[in-house]
2 protein chains.
Amino acid sequence: MQIEEKAKLFKALSDPNRLRILKMLQVRKLCVCEITEVLSLATSTVSEHLSILKRAGFIIEEKDGKWVNYMINSNCCDTTVASIISMLPFWISNDNTVSCDIDKINSVDRNKLCCR
Amino acid sequence: MQIEEKAKLFKALSDPNRLRILKMLQVRKLCVCEITEVLSLATSTVSEHLSILKRAGFIIEEKDGKWVNYMINSNCCDTTVASIISMLPFWISNDNTVSCDIDKINSVDRNKLCCR
DNA sequence: ATTAGATTTCGGTGTAAAACGAAATGAGAA
DNA sequence: TTCTCATTTCGTTTTACACCGAAATCTAAT
């Protein structure tokens, strides 16, 4: 992998909202509307963030009926990406923002959330 | 450290020229004009890159007569920054670009380089 | 098939960042 | 002090990106 691509890996991690998404996904898989609810962003914005993280290799997606679940790419074959994923819990501690995010994803119900 | 500041750490690493600077500094300390010669950028541009890396904590500076030497912040007290620095050799291999950069810094003479 | 709802893609806007040259700063040499 | 030269700061331009709402897509249920 060339150095430009390595820079892109770090660029994917350079946005606070994307880091919050990764921290949430380390708790459990989530659909777009659940992440949207927690971050208070437009759905389209969250979708863009997810596609950036997916393109970099940090997350993968899984179709689940009308929903799309996103999850951490735990079995990533790229050693750099894999090692960064394994370091994230150590690097990014649960500050106020992250703690609140995790509280929220433990209390949302995607069926109540999205159907309105 | 809040999650916004963690994002800024990764933003500092999200530019290929800054990654090249870090890889060069892992060989030896360098002044601005040496880095400028290798990267083929304007001196002011290199100076800005260095100040971004310095603000993030990855490098430190040392006055040396009319020169300013920049070097890796090897004794960084921040555990996240320290761990990232220690991982850099593993993450960023010596691709063509990096190998050429290192060849160049081993052959430049700052006295011949700057005085013109 | 048609509808409803979750997600993605598509323009558009405002802000951040990378690049440059020129001017300002700072430190040694004359 | 005055000059030289390495570096930083400033003003500007161009490019990239985060964000939004609207339109398009895709899936499941009616």
Given atom [atom1] of [X] and atom [atom2] of [N], what is their separation to the nearest angstrom?
X	N	atom1	atom2	answer
A:L39	D:dC20	CG	P	10 Å
B:K11	C:dT15	NZ	P	16 Å
B:R55	C:dA16	CZ	C1'	13 Å
B:E48	C:dG21	CD	C1'	12 Å
A:I35	D:dA18	CD1	C1'	17 Å
B:K66	C:dG26	NZ	C1'	13 Å
A:W67	D:dA29	CH2	P	10 Å
B:R110	D:dT7	CZ	P	8 Å

When you get a sec, tell me which of [options] is the closest nucleotide to the side chain of [X]?
X	options	answer
B:R18	C:dC20, D:dT7, C:dA18	C:dA18
B:V32	D:dT7, D:dA18, D:dT9	D:dT7
B:A42	C:dG21, D:dA18, D:dT8	C:dG21
B:E61	D:dT8, C:dA19, C:dT8	D:dT8
B:C33	C:dA19, C:dT7, D:dT7	D:dT7
A:V68	D:dT9, C:dT8, C:dA19	C:dT8
B:L41	C:dA19, D:dC19, D:dA22	C:dA19

Among B:K29, B:R28, B:K104, which residue meets the salt bridge (charged side-chain N to carboxylate O under 4.0 Å, His left out) test with B:E34?
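Result: among B:K29, B:R28, B:K104, B:R28 is the only option passing the salt bridge (charged side-chain N to carboxylate O under 4.0 Å, His left out) with B:E34.
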Reckon A:K63 touches a base, only the sugar-phosphate, or nothing at all at heavy-atom distances under 4.0 Å?
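No contact.
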Base, sugar-phosphate, or nothing for B:I52, non-hydrogen atoms under 4.0 angstrom?
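Sugar-phosphate only.
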Between A:D101 and A:V27, is any pair of side-chain heavy atoms under 4.5 Å apart?
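SC-SC contact between A:D101 and A:V27 ruled out.
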Taking C-beta and beyond as the side chain, do A:R20 and A:N17 meet within less than 4.5 Å on heavy atoms?
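Yes. Closest side-chain heavy atoms under 4.5 Å.
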With B:F58, which of B:L88, B:I84, B:D78, B:I52 fulfils side chain to side chain contact (heavy atoms under 4.5 Å, CB included)?
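Option passing the side chain to side chain contact (heavy atoms under 4.5 Å, CB included) with B:F58: B:I84.
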Think [X] has a side-chain N or O under 4.0 angstrom from the OP1 or OP2 of [N]?
X	N	answer
B:T45	C:dA19	no
A:H49	D:dC17	no
A:Y70	C:dT8	yes

So which atom in B:Q26 and which in B:I85 form the shortest heavy-atom distance, rounded to 0.1 Å?
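Closest pair (atom of B:Q26, atom of B:I85, distance): NE2-O, 3.6 Å.
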Could you give the distance from CD1 (B:I3) to OG1 (A:T97), rounded to the nearest 0.5 Å?
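It is 7.0 Å, given to the nearest 0.5 Å.
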For A:T43 and for B:D64, find the nucleotide of DNA chain C with the closest heavy atom, then tell me which residue's nucleotide is more 5'.
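First, find each residue's nearest nucleotide; the 5'-ward one identifies A:T43.
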